[in-house]
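Taking it in order: structure first as structure tokens, then the write-up.
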Amino acid sequence: MKQVELLESHFLSDNWYLLHKHIYSRQQSDGKVVTQTREVYDRGNGAAILLYNRQRGTVVLTRQFRLPTFLNGNPDGLLIEACAGLLDNDAPEDCIRREVMEETGYQVGAVQKVFEAYMSPGSVTEILHFFVAEYDHAGKVGAGGGVPHEGEDIEVLEMPFVQALAAIRSGEIRDGKTIMLLQYAQIHGLLPERA
């Protein structure tokens with residue numbers, strides 16, 4: 001027997017993205033075969049980026065309303081995040097350059113892919129591709145703020161790297177992808193940690 005066998009898949013919704021119910025059998029580590037049912041949300045894969053300026057010691061982040069956070073205890077629903085978006089059939093590098101321009105107004109040259117990760121593997125199929133790139137003010141060619149016809153209303157934030165790290169500790173930054181990218185920058189010494 002295969003270790004995992006998909007027995008049935010049932011389409012539940014495509015209201016925003018795709019929601020399916022899957023019934024599968026799986027051989028556990030003790031050899032016992034169990035049948036389980038899970039709902040899985042497929043919203044496609046995405047990309048996220050940390051824009052940083054080594055000379056100034058700053059990073060560019062965004063702030064926008066996120067309904068799920070509001071529903072789960074975030075009083076105003078606003079979340080500070082790294083720039084990110086769905087691939088929409090683009091290569092991850094092309095996607096992230098597009099998202100940077102739409103959300104922040106910056107045009108970036110080289111982007112460096114640093115890792116990829118499943119962000120919520122218990123229920124969501126998404127793989128997120130993580131990037132870092134340097135920015136400078138000469139690359140600010142637009143206002144940013146997102147794409148209005150997509151309902152985006154994004155505030156662009158430039159802040160000192162040390163302030164962003166402190167915002168993780170204080171709970172002001174609670175977005176997983178953003179924390180991962182800021183900690184990557186800290187571990188790899190991309191920016192000085194001085195005030």
Side-chain angles (χ1 to χ4, degrees), residues 16 43-87 92 95-108 111-120 124 126-137 139-148 150-195:
W16 189 247
R43 59 186 303 267
N45 295 327
I49 191 166
L50 179 66
L51 299 178
Y52 68 97
N53 184 302
R54 191 184 319 268
Q55 275 189 315
R56 296 170 54 87
T58 55
V59 295
V60 170
L61 300 172
T62 64
R63 182 176 8 233
Q64 61 184 306
F65 179 77
R66 297 296 196 183
L67 177 62
T69 74
F70 176 77
L71 296 173
N72 195 21
N74 183 3
D76 62 9
L78 295 174
L79 206 60
I80 296 174
E81 303 178 48
C83 176
L86 294 177
L87 299 186
C95 163
I96 205 58
R97 280 191 183 91
R98 178 188 72 238
E99 291 295 333
V100 166
M101 182 63 128
E102 290 174 0
E103 292 189 6
T104 72
Y106 282 96
Q107 191 168 25
V108 293
V111 296
Q112 177 189 354
K113 185 172 180 179
V114 293
F115 57 88
E116 57 186 59
Y118 290 99
M119 295 304 292
S120 189
V124 180
E126 179 184 30
I127 295 172
L128 197 59
H129 302 264
F130 288 82
F131 294 88
V132 296
E134 292 195 60
Y135 77 95
D136 62 47
H137 288 133
K140 182 82 168 169
V141 295
V147 180
E150 292 179 7
E152 294 181 329
D153 178 24
I154 299 170
E155 179 185 359
V156 181
L157 307 173
E158 183 179 38
M159 68 176 64
F161 181 54
V162 293
Q163 181 183 339
L165 293 175
I168 295 171
R169 291 187 294 276
S170 72
E172 185 182 2
I173 292 179
R174 297 193 290 171
D175 174 62
K177 68 184 175 299
T178 306
I179 293 169
M180 291 166 72
L181 281 166
L182 289 168
Q183 289 181 338
Y184 175 90
Q186 182 179 34
I187 290 166
H188 293 278
L190 297 184
L191 292 135
E193 290 186 51
R194 62 179 187 274

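Residue numbers start at 1 and run along the sequence shown. Since this is a predicted model, take the numbers as computed values, not measurements.
- Summarising the local packing, CG of N72 is surrounded by 12 or fewer heavy atoms from other residues, nucleotides or ligands at distances under 6.0 Å.
- Applying the salt bridge (charged side-chain N to carboxylate O under 4.0 Å, His left out) test to residues at least two apart or on different chains, the pairs with a partner in residues 61-75 are R63-E155, R66-E81.
- Legend: residues meeting side-chain hydrogen bond (donor to acceptor under 3.5 Å, both in side chains) with Q186, ordered by chain and number and at least two apart, are E193.
- Contacts of N74 classified as side-chain hydrogen bond (donor to acceptor under 3.5 Å, both in side chains), with partners at least two apart in sequence or in another chain: T69.
- Remark: Y106 engages Y135 in a ring-ring contact (aromatic ring centres under 6.0 Å, His included) (not counting sequence neighbours).
- Judged by distance alone, the side chain of K177 and the main-chain N or O of I49 form no donor-acceptor pair under 3.5 Å.
- One finds the CD atom of E126 at 6.5 Å from the CG atom of L86 (value rounded to the nearest 0.5 Å).
- Considering only residues two or more places apart in sequence or on other chains, T178 meets the side-chain hydrogen bond (donor to acceptor under 3.5 Å, both in side chains) condition with D175.
- Applying the ring-ring contact (aromatic ring centres under 6.0 Å, His included) test to F130 and every residue at least two apart in sequence or in another chain returns F115.
- Only one option out of L51, L157, T104 pairs with T62 in a side-chain contact (heavy atoms from CB on, under 4.5 Å); it is T104.
- Under a cut-off of 6.0 angstrom, the local environment of CD in Q55 is sparse, with at most 12 non-hydrogen atoms contributed by other residues, nucleotides or ligands.
- Rounding to the nearest 0.5 angstrom, the gap separating the CE atom in M159 from the CD atom in E172 is 6.0 Å.
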